[in-house]
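What follows is a single structure, written as structure tokens, with notes after it.
Indexing begins at 1, ligand by ligand and atom by atom, following the structure's order. Residue numbers count from 1 along this sequence.
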Amino acid sequence: MTLQKENIEKLRALLAEGPRRIVIVSHTNPDGDAIGSSLAWAEMLEAEGHSVTCIVPNRYPYFLNWMPRIREVVIFKDRPEEATRAVAEAELLFCLDFNALSRLEILSDTIAANTSAHRILVDHHLAPAEDFEIAFSHPEASSTCFLVYALVEALYGTDRITRTMAELLYVGIMTDTGNFAYAGLTPELFRAVALLVERGISIPDIHNNVYNAYTAGRARLFGYAINRKMELLHKGRVACISLKEEELRRFYFQQGDSEGFVNYPLTIKKVKMSAMFLEHNDFIRISLRSRGAVDVNLFARTYFDGGGHKNAAGGKSFLSMEQTLARYAEAVEEFAAAGHLG
Ligand code: 5GP
Ligand code: MN
């Protein structure tokens, strides 16, 4: 990962001016990469004497509860006053693992209100929407945790990586690469992982903590989703799963329970693109996944006001579930007619 020298030096200068009040913020529905990168970066900055608050808009999934330092994350939805105060007082604002303030949803206005803080982006999504004073925008990076690793290496050297930082960084690297199965697996990434292992992390323990920590309700919901709610479109080459609130309730749904569902249809040889539609209070959250050349970032941007990465993206729909599924079916045909499904 080559980070721009000029950016590194600008950031070094900002951090060299004595102890700073710093806020690290990450995206709505924070995942392992959002939380891991935020807390690892916080640990580094605190070791340098800065005071740091990590903020996310809403709750993280329960299978991340075991992560070191996770109780320090301020959830805006639960503690709005504390988060708002920290943001207002921040001299430096690090935006990790997202590329547009709109991705902060309920937290967007609070962040936008602090116009005087230095804003620094550290992200691996395509095409940042706003200007940042310093932007480490690297879509080629497989995770933001890997970017934070590179940032620590460039600014302070890898000797400064503690065991706690190593654990935190490994969570994001593991989850965002689909446990080392997606694109962007460079020799450099494995060298970074080797160093994390040298710091004493246990890969089997982290794997177990993240992937084998679900409830029985989640296992049953998964069976139901695949057996009863998976549909195949476009000659079996496109899949979708939809789950309404009433169905989620029936299986005691907790945030995080649907993690991984959208990937499962891609285990079918013919399926090149998969979508999951999850009903929330007032809208439907859409997750999209694809294989190879099929670009779901383009699909999400074109049809569902979303974005993300080429093979993993998301969006939203404010229509009913039935209307949303009809729109998806139409969009798939249009997308295929334009040659985007290969
Ligand atoms: P997930 O399906 O895991 O929620 O999201 C997959 C990827 O798409 C993530 O990288 C996430 O940041 C991105 N993403 C999800 N929802 C949205 C959205 O509404 N807008 C944009 N721009 N990106 C999204
Ligand atoms: Mn990420």
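- Heavy-atom proximity to Ser287, at under 4.0 Å, picks out these atoms of ligand 1: 1 (P), 2 (O), 4 (O).
- The ring of Phe277 has its center closer than 6.0 angstrom to the ring center of Tyr328.
- Contacts between Arg285 and ligand 1, counted as non-hydrogen atom pairs separated by less than 4.0 Å, are absent for every part of the residue.
- Taking the ring axis of Tyr224 as reference, the NZ or CZ atom of Arg250 stays within 45° of it and closer than 6.0 Å to the ring centre.
- Geometrically, ligand 1 and Gly314 share a nitrogen or oxygen pair separated by less than 3.5 Å.
- His125 NE2, 2.7 Å is the protein heavy atom nearest to atom 10 (O) of ligand 1.
- Considering both main-chain and side-chain atoms, Lys316 never comes within under 3.5 Å of ligand 1 through any nitrogen or oxygen pair.
- Contact check on Arg85 versus Glu89 returns no salt bridge, with no Lys/Arg side-chain nitrogen under 4.0 Å from an Asp/Glu carboxylate oxygen.
- Considering only heavy atoms from C-beta on, Gln254 comes within 4.5 Å of Thr215 through its side chain.
- Considering both main-chain and side-chain atoms, Asp305 never comes within under 3.5 Å of ligand 1 through any nitrogen or oxygen pair.
- For the atom pair SG (Cys145) and CG (Asp33), the distance works out to 4.5 Å, reported to the nearest 0.5 Å.
- Gly315 CA, 3.6 Å is the protein heavy atom nearest to atom 19 (O) of ligand 1.
- In terms of polar-atom proximity, Gly307 is counted as a contact of ligand 1, with an N or O under 3.5 Å from an N or O of the ligand.
- At a heavy-atom distance under 4.0 Å, only side-chain atoms of Arg103, from C-beta outward, approach ligand 1.
- Annotation: the span from Leu248 atom CG to His280 atom NE2 amounts to 8.0 Å, rounded to 0.5 Å.
- Every atom of ligand 1 with a heavy atom of Ala312 under 4.0 Å away is listed here by number and element: 7 (C), 8 (O).
- Between Tyr264 and Phe222, the distance separating the two ring centers is shorter than 6.0 angstrom.
- To the nearest 0.5 Å, atoms OG1 (Thr175) and OH (Tyr170) are separated by 10.0 Å.
- Of all N, O or S atoms in Asp33, the one lying closest to the Mn ion (ligand 2) is OD2.
- Using a cut-off of 2.8 Å, one finds that His124 contributes an N/O/S atom close to the Mn ion (ligand 2).
- Ranking the protein heavy atoms by distance from atom 3 (O) of ligand 1 puts Arg289 NH2, 2.9 Å first.
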Just do the side chain to side chain contact (heavy atoms under 4.5 Å, CB included) check on Met273 and Val296 with the steps written out, would you?
CA-CA 8 Å; Met273 174 166 131; Val296 286; 3.9 Å; yes

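- The aromatic rings of His27 and His125 sit perpendicular, their planes meeting at an angle over 60°, well past the 30° parallel limit.
- Between Tyr303 and Phe335, the ring-plane angle classifies as perpendicular under the 30° and 60° cut-offs.
- Residue side and main chain included, Asp97 places an N/O/S atom under 2.8 Å of the Mn ion (ligand 2).
- Residue contact annotation: Asp176 places an N/O/S atom under 2.8 Å from the Mn ion (ligand 2).
- Of the N or O atoms in Asn99, none lie within a sub-3.5 Å distance of an N or O in ligand 1.
- Note: an N/O pair closer than 3.5 Å links His309 and ligand 1 by distance alone.
- The residue Met276 has no part lying near ligand 1, judged by heavy-atom distances below 4.0 Å.
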